[in-house]
Trainee: 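Take this structure first; my questions come after.
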Amino acid sequence: MNIAKVIVDVPASSINQTFDYYIPERFQEILENGMRVIVPFGPRKIMGFVVGRVSESSFKRLKEIVEVLDLTPVLTNELLDLGKWVANETLSLSITALQAMLPQVLKAQYEKELIRMTDAELPEPFETLFAGRDVISFDEFAGSTVSYYQLQKVIQEGDISIEYLVKSKITKKYVTKIAASRPAHLLEEALLDLSPSAKKQKQLLRFFIENETSIEQKKLLQLVNTTTSTVKALMDKGLLETKREEVFRNPYNDAEIERTNPLTLTEEQQIAINPINEAIDSQYHDVFLLHGVTGSGKTEIYLQAIQNVINKGKEAIVLVPEISLTPQMVKRFKGRFGANVAVMHSALSAGEKFDEWRKIQRKEVQVVVGARSAVFAPFENLGIIIIDEEHETTYKQEDQPRYHARDVSIHRGEYHQCPVILGSATPTLESYARASKGVYKLATLNKRTNDKPMPKVDIVDMREELHAGNRTMFSRKLKESIELCIERGEQVVLLLNRRGYSTFVMCRDCGHVKECPHCDIALTYHKNSNQLKCHYCSHEESMPSACPECQSKLIRYFGTGTQRVEEAITQLIPEARVLRMDVDTTRRKGSHEKILKQFVDRKADILLGTQMIAKGLDFENVTLVGVLTADSMLHLPDFRSSEKTFQLLTQVSGRAGRHELTGEVIVQTYTPEHYSIVLASEYNFNDFYNKEMNTRRIFQYPPYFYLALITISHKNRVKVIQTSQQIAQLLMRQLQQDTVVLGPTPSPIPRIKDRYRYQCMIKYRNEPDLRVYIRKIVEQFADEVRKDDLLITVDMQPYHLM
DNA sequence: AGCACGCCGACT
DNA sequence: GTCGGCGTGCTC
């Protein structure tokens, strides 16, 4: 077994296989599956993952592994298999799937160096370049005027050679600590030698005899109540020394979080948790759909189920949408399980993520709370996986590997024979349909734990407002309610549902819309810089003063940004203090929390924001929720637009009156009769489900049909159309009768970065070999992909049909 | 992907 | 002789 099978860090379909390498004697004992290694690959050196060991290879001349990068495997055998499964399910490369399971810092960085191999004089440009050094970075050469041709000659002469390096991005954090430099019994002896007057020094020494071996200076001085000079005196005597010690970065100050105890469950909660606990106790896999209205206490069920898992010595993964992974949420888990929790989300620095990941890897925690990628936490003894707000689209990764965390969770749940909990007030149709069929177990929570009814929802028809001569974005009803609310000293949350409503620039005379010259999409107006920007490429231009088509001066920006709403409120209700929360105001780390804290501290009357304020936030004093434009995403070309509208309205309504005060919700819309708005206002999930299912069945959409989306892009439009047609035809030849292949049609954004984009959509009920077919077809175009810059991407079960 | 190698045309 | 620009084939 001295040959290793290695998945190599080269993301190319022709390299998507294992490569065999000899394991040199010195690594024989230590090398395990799932470790990262450095291997020679052609002329260079690259990183790879060991995925197996064999004693024979069909290859004659094997190279040796150069270096082993890990002391313990970074991927367990389960995760290696999972990687294979993910790559296969999502039609992505093995290496991409493996990298997705690890923190970014474990990715290798590559560098090249030029090494001087001779003391003899080098040809002139190189002497200047090296300037007396023996090694320079390749970049330095590339940035110089020296030609590659000249370098080749010197390399052939053997006077310079290229070294290929694999560098690690890992950074560890260290603190300087004070430690005893001798064992305790020798310190005792030293104690006797100290002069009787050196009281503080004696105290210090006794501290080290009695206590831990190392401590931060600041803490030490506090505990012993002395100054640096005493410490220094003992150091000079050689009794104490400074020591650099590695510490884990700690993004959350555990000590400051108040511990909580389990709450008594309501009868409903108890009924819901029983079967989950039974699955944990008897160690079998099942998927539970926990359908509970907002405020029904889903989180408490999670917490108690996790407690059961911890008691059994097992581990738990909790997935939450990125957007709701707020300090409030973290606090609930840390409050119950303290330092036994690792937190993983994008706001952490790369180093912090790495440290949280290592806590899991070293089994220092039993719980991880995190966004999508936390589903790959390297636990080996999982007892439960929980997906909160399971309807959130962020669980689907939008770039390769395009996996869905729900599918991965269920796969891991089967492996570990543990339950998977999907929780939501507004489950996806897919999940609810499965629960209805008995594939998932359904648990329903209809009551809020505070016994308060859901807030009453008023729908305001904005067309009537217009007829009545109200041209502002606030209906009379909403304006009045805001004023009353502020008068009572209560707070307001205003949701601007901005999707599909970005601020574009249009000429009022000729209707010309300013588009990106490289992409077929309207440019977005940015007020603070007075610039037009493209969100798909890096194009920027200044705001024109006249229409480029008709020279009219009446060129303006349209759409409703949060900034404009803010201005409008201040005009309409001058006494209102408004806090704005959107992508612009939350870009800086920690600004999210800052805004929320200000609002909790009642520094403002109105919290105005986009989707991010709809989720999981819990404010005592909020009694009014206003939705400015409920239907803004209803008309998007997306078969889920009704479902998304229903979900958003239900979620945001749940923000009002969560505590003692009763809440009120006002929803403004131009389509007040639309079923997703009407039924959301009645909190009627069941009717919505039935109605929407009916539409999905008629139009052959999920959950009745599965989807696969193939997108083809190229600089040459004719080539894209031709290739797309070929692909569609090849597909149709293989697929079943009831499978539909739509297209090719231009993508919703037909051109991005000067590349034309066409797509084929496959709708199918049962195609066990679909992935095989697609792979084969894509393979047929491999040559053009490689040589002609053709791009074919496949998205199984896509969420965004872009 | 990223690298070497080979061939070609261009420039001085 | 020197240089950059492709196209091609290979990586255990």
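Just so we're on the same page: letters track the sequence lines, and every chain starts at 1. Being a predicted model, the structure only gives us computed values, none of them experimental.
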Trainee: Testing the 3.5 Å rule here: is there a donor-acceptor pair between the side chains of T428(A) and E390(A)?
Mentor: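 Checked: T428(A)/E390(A) side chains pair up, N/O donor to acceptor below 3.5 Å.
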Trainee: Here's a test of your reading of the structure: between P11(A) and Q156(A), which maps to the more 5' nucleotide of DNA chain B?
Mentor: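 Nearest-nucleotide comparison on DNA chain B picks P11(A).
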Trainee: Rounded off to whole Å, could you give me the CG-to-P distance for the D9(A) and dG2(B) pair?
Mentor: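 After rounding, the reported distance stands at 9 Å.
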Trainee: Going by number, which of residues 95-117 of chain A have a non-hydrogen atom under 4.0 Å from DNA chain B?
Mentor: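 Within residues 95-117 of chain A, the residues near DNA chain B are K112(A).
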Trainee: Please confirm whether R640(A) makes a cation-pi placement over Y799(A), using NZ or CZ under 6.0 Å from the six-membered ring centre and within 45° of the ring normal.
Mentor: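 The answer is yes, since R640(A) meets both limits relative to Y799(A).
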Trainee: I'd like to check V8(A) versus I95(A) (side-chain heavy atoms, cut-off strictly below 4.5 Å). Are they in contact?
Mentor: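 A side-chain contact is absent here, since even the closest heavy-atom pair is not under 4.5 Å.
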Trainee: Under 4.0 Å between a Lys/Arg side-chain N and an Asp/Glu carboxylate O for E89(A) and R771(A)?
Mentor: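 Result for this pair is yes, salt bridge flagged.
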Trainee: Please give, in whole Å, the distance from dA1(B) P to I7(A) CD1?
Mentor: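 Rounded to the whole Å, the gap is 17 Å.
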Trainee: Sugar-phosphate means primed atoms, P, OP1 and OP2; the rest is base. With that split, encode nucleotides 1-12 of chain C 5' to 3' as B, S or - using protein heavy atoms under 4.0 Å.
Mentor: -BSS---SBBBB
Trainee: Between N16(A) (CG) and dG2(B) (P), how many Å, whole number?
Mentor: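 Computing the N16(A):CG to dG2(B):P distance gives 16 Å.
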Trainee: Answer yes or no for K396(A) and Y403(A): cation-pi contact, defined as NZ/CZ to six-membered ring centre under 6.0 Å and angle to ring axis within 45°.
Mentor: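 No, a cation-pi geometry is absent between K396(A) and Y403(A).
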Trainee: Is the shortest side-chain N to carboxylate O distance from E111(A) to K45(A) below 4.0 Å?
Mentor: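 Result for this pair is no, no salt bridge flagged.
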Trainee: Would you please classify the geometry between the H411(A) ring and the W85(A) ring as parallel, tilted or perpendicular, with 30° and 60° separating the classes?
Mentor: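 Aromatic pair W85(A)/H411(A) classed parallel.
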Trainee: Does a side chain donor of either E25(A) or N2(A) reach within less than 3.5 Å of an acceptor in the other side chain?
Mentor: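 Short answer, no.
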